Protein chains: 2
Amino acid sequence: MIARPKLRDVARLAGVSVGSASRAISAPDQVRPATLAKVEAAVRELSYVRNGAARALALRRTFSIGAIFPTLNNPIYADSIQAIQQRLNARNYQLLIASHEYDRSRELASVRNFIDRGIEGILLVGTDQDPAVFEALRLAQIPYVLMWSLDEAAHHHCVGFSNEAGGALMANHLLDLGHTRLAVLGGQRQFNERARLRTQGVRGAMAARGLALAEDHILEQPFTFEGGRAGLRAAMALHPRPTALLCGTDILSFGACDEARRMGIEVPEQLSISGFDDISFAAMSVPALTTVRVPITQIGNSSADNLIAQIEESEAPRHERLEIELIARASTGIAPA
Amino acid sequence: MIARPKLRDVARLAGVSVGSASRAISAPDQVRPATLAKVEAAVRELSYVRNGAARALALRRTFSIGAIFPTLNNPIYADSIQAIQQRLNARNYQLLIASHEYDRSRELASVRNFIDRGIEGILLVGTDQDPAVFEALRLAQIPYVLMWSLDEAAHHHCVGFSNEAGGALMANHLLDLGHTRLAVLGGQRQFNERARLRTQGVRGAMAARGLALAEDHILEQPFTFEGGRAGLRAAMALHPRPTALLCGTDILSFGACDEARRMGIEVPEQLSISGFDDISFAAMSVPALTTVRVPITQIGNSSADNLIAQIEESEAPRHERLEIELIARASTGIAPA
DNA sequence: GTGAAAGCGCTAACAC
DNA sequence: GTGTTAGCGCTTTCAC
């Protein structure tokens with residue numbers, strides 16, 4: 001077990017000073033070719049790898065960026081992680097990952113942990129963070145981007161879309177099909193502005209047509225297949241029984257469709273079911289899912305770009321609004337008579 | 001823009017030495033309550049956050065672990081990331097993520113990058129890495145765990161299962177149903193021992209019954225829905241036409257099933273289609289997918305535990321073999337007459 | 001272009 | 001217990 005070689009060892013073997021060795025490695029063009037060659041040979045000979053912590057300390061930069069998601073296994077987040085990671089890597093930043101399982105205090109803890117580790121920027125989902133998150137970020141002077149939502153009121157950098165418009169988009173689609181009894185199946189609305197705004201969008205669209213969304217027709221369940229199943233059962237027990245179930249995410253829809261199948265409820269003949277996100281499975285489930293397409297990859301790319309811009313040029317757009325789109329497929333249809 | 005306070009500032013404000021301030025923060029029980037209180041007050045007052053790089057340099061530890069996956073958006077990897085992240089977090093390690101898109105050289109580059117950054121351990125998928133990966137890891141003396149496969153021959157730490165047995169399990173299921181003309185749809189086998197071994201398992205099971213797997217009945221496609229679709233078309237063009245298509249991952253199966261639907265091919269009446277992984281969608285697709293269940297969460301948990309054990313106690317089992325299981329659902333059936 | 005030396009901010013002996 | 005101090009390994013002025 002030999003100690004790892006340091007720059008000093010490389011310099012000694014190459015017969016140059018540590019300064020030159022350092023330059024040969026990080027700025028090869030500031031060094032004479034002969035020196036460069038000697039250093040490179042020494043590096044190879046010793047299998048030298050530079051110490052990242054020491055480098056970070058001297059440079060006062062870590063080139064790492066943290067991202068915190070509600071969960072990592074929902075495809076919408078997985079896809080965005082994929083995009084972010086690729087973007088960051090291309091710019092020589094490293095991605096650190098954490099998840100909070102919809103627990104605000106865990107999110108705060110992760111933010112603090114990231115700050116401790118010296119990340120240079122941070123990516124968060126939504127706008128409903130604990131205020132202490134923003135306070136910590138402000139004190140540490142760390143740039144951040146909130147993804148998925150837009151908070152026009154506050155001064156945060158956001159890359160997202162109007163969740164309210166999304167809810168309205170789907171509600172109008174169903175209202176146009178003649179449905180009047182809608183039920184909404186979402187996740188916990190507390191501390192989740194996405195769920196809240198989407199529901200609000202539905203309510204608004206209904207109100208515009210003189211309809212009301214009864215409080216008991218707003219169902220809350222965890223964002224899982226099982227939540228979708230439970231939500232469907234709850235919806236079927238309502239009076240009046242809804243003819244359309246608007247789910248807050250595709251995952252919930254799949255669970256709901258599956259449960260409907262088990263219960264012998266025809267979709268969409270007896271019940272229309274809609275999703276939100278348009279994950280890749282949505283197009284190939286049976287029946288194919290009517291949903292709202294969210295530009296997930298674009299959220300990832302733009303957020304990463306925005307954050308890097310803040311870090312490197314301290315100049316980036318405050319708000320980036322992305323377009324969403326209704327994707328009508330087979331899981332919704334004309335309201336039953 | 002004020003410079004961030006350092007430990008020295010905290011110490012000064014608290015009226016103690018940097019040593020005491022440091023102890024108060026990292027080892028509160030080694031310090032008198034009164035001192036602790038003064039330091040804590042100063043920390044709060046200045047909103048002090050310690051510098052991770054300096055800490056890492058002094059401690060010669062970074063408490064971070066790198067994981068490199070083929071892709072991040074396949075649910076099998078997303079689910080394992082979820083498990084790994086939670087496990088690591090509970091033990092106070094931070095997860096760094098990278099993906100290589102099935103490109104060996106990118107994997108090697110990520111490994112080197114991680115080593116540069118001083119990660120204390122590394123998680124990789126499969127056993128078919130570039131030899132330079134192991135060489136770099138050995139030189140840097142960094143422990144690692146290979147997930148998903150077992151390489152009994154080499155000395156690597158592995159947490160996985162027998163991919164060959166998995167292939168055989170599915171082949172036998174189909175052979176028992178009377179199929180004799182099987183086709184295999186997998187990804188590139190070069191540099192992917194999982195794909196290779198699963199196919200080999202199929203071939204072995206067929207051979208045991210006196211059947212041969214023709215080379216042209218082994219289809220290679222990217223691990224995507226589109227790959228599944230293309231694979232199905234290719235399979236239907238084969239002579240003799242297979243009655244069962246064994247897909248190397250559930251993702252491929254979904255694409256294949258979707259294409260079969262479009263082409264008007266009845267599954268499983270005219271063609272049985274099987275998957276591998278048992279991702280959560282498998283149970284609720286139509287028809288429900290027959291597949292091999294892989295203990296994804298367990299792979300993540302055990303790999304994380306194994307790696308931490310190597311880091312902290314330098315003592316961990318070389319190989320951990322996990323059980324897999326055939327899950328027979330509706331996408332496979334009796335061979336057509 | 002190159003070498004010497006002064007930090008970067010923290011921890012861990014060590015002496016008191 | 002607490003203060004003092006010597007590193008941790010690298011980058012970067014600043015002379016030469």
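A quick note: this is a predicted structure, and the numbers were derived from the prediction, not measured. Order of the sequence lines fixes the chain letters, A, B, ..., with proteins taken first and strands second; residue numbering starts at 1 for each chain.
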Chemist: Of the listed nucleotides (dC10(D), dC10(C), dG1(D)), which one gets closest to any side-chain atom of R50(A)?
Modeler: dC10(D)
Chemist: Hey, does V43(B) have a side-chain heavy atom less than 4.5 Å from the side chain of V49(B)?
Modeler: no
Chemist: Would you kindly check whether a donor in the side chain of R60(A) faces an acceptor in the base of dG7(C), or vice versa, at under 3.5 angstrom?
Modeler: no
Chemist: Rounded to whole Å, how long is the line connecting atom CZ of R8(A) with atom P of dA6(C)?
Modeler: 16 Å
Chemist: Between dT11(D) and S26(A), is there an OP1 or OP2 to side-chain N/O distance shorter than 4.0 Å?
Modeler: yes
Chemist: Can you find an N or O donor on one side and an acceptor on the other, under 3.5 Å apart, linking the side chain of R23(A) with the base of dG3(C)?
Modeler: yes
Chemist: Indicate whether OP1 or OP2 belonging to dG3(D) is found under 4.0 Å from a side-chain N or O atom of S17(B).
Modeler: yes
Chemist: Can you check whether T35(A) has a side-chain N or O nearer than 4.0 Å to OP1 or OP2 of dG1(C)?
Modeler: no
Chemist: With a 4.0 Å cut-off, would you call D9(A) and K6(A) a salt bridge?
Modeler: no
Chemist: Under 6.0 Å between ring centres, would you say that holds for Y144(B) and H157(B)?
Modeler: no
Chemist: Nearest to the side chain of V18(A), which nucleotide is it out of dG9(C), dA5(C), dT2(C)?
Modeler: dA5(C)
Chemist: S20(A) side chain: which of dG9(D), dT5(D), dT2(C) is closest?
Modeler: dT2(C)
Chemist: Can you tell me how far apart CG (L96(A)) and CD (Q94(B)) are? Round to the nearest 0.5 Å.
Modeler: 5.0 Å
Chemist: Phosphate oxygens OP1/OP2 of dT11(C): is one of them under 4.0 Å from a side-chain N or O of R55(B)?
Modeler: yes
Chemist: Rounded off to whole Å, could you give me the OH-to-C1' distance for the Y48(B) and dG9(C) pair?
Modeler: 7 Å
Chemist: Looking only at side-chain atoms of R32(A), point me to the closest of dT2(C), dC10(C), dC10(D).
Modeler: dT2(C)
Chemist: Check the distance between dT5(D)'s P and L7(B)'s CG and give it to me in whole angstrom.
Modeler: 16 Å
Chemist: May I have the distance from I25(B) (atom CD1) to dT11(C) (atom P), rounded to whole angstrom?
Modeler: 7 Å
Chemist: Among the nucleotides dT2(D), dG9(D), dC10(C), which one has an atom lying closest to any side-chain atom of K6(A)?
Modeler: dG9(D)
Chemist: Could you tell me the separation between the CZ atom of F63(A) and the C1' atom of dC10(D), rounded to a whole number of Å?
Modeler: 14 Å
Chemist: Judged by modelled atom types alone, do Q82(A) and E101(B) share a side-chain donor-acceptor pair under 3.5 Å?
Modeler: yes
Chemist: Could you give the CG-to-C1' distance, from D116(B) to dC10(D), as a whole number of Å?
Modeler: 12 Å
Chemist: Counting any heavy atom closer than 4.0 Å, what does L59(B) reach on the DNA or RNA strands: base, sugar-phosphate only, or nothing?
Modeler: sugar-phosphate
Chemist: Hey, which of these two, L57(B) or Q30(B), hits DNA chain D nearer its 5' end, going by closest nucleotide?
Modeler: Q30(B)
Chemist: Between R61(A) (CZ) and dG9(C) (C1'), how many Å, whole number?
Modeler: 18 Å
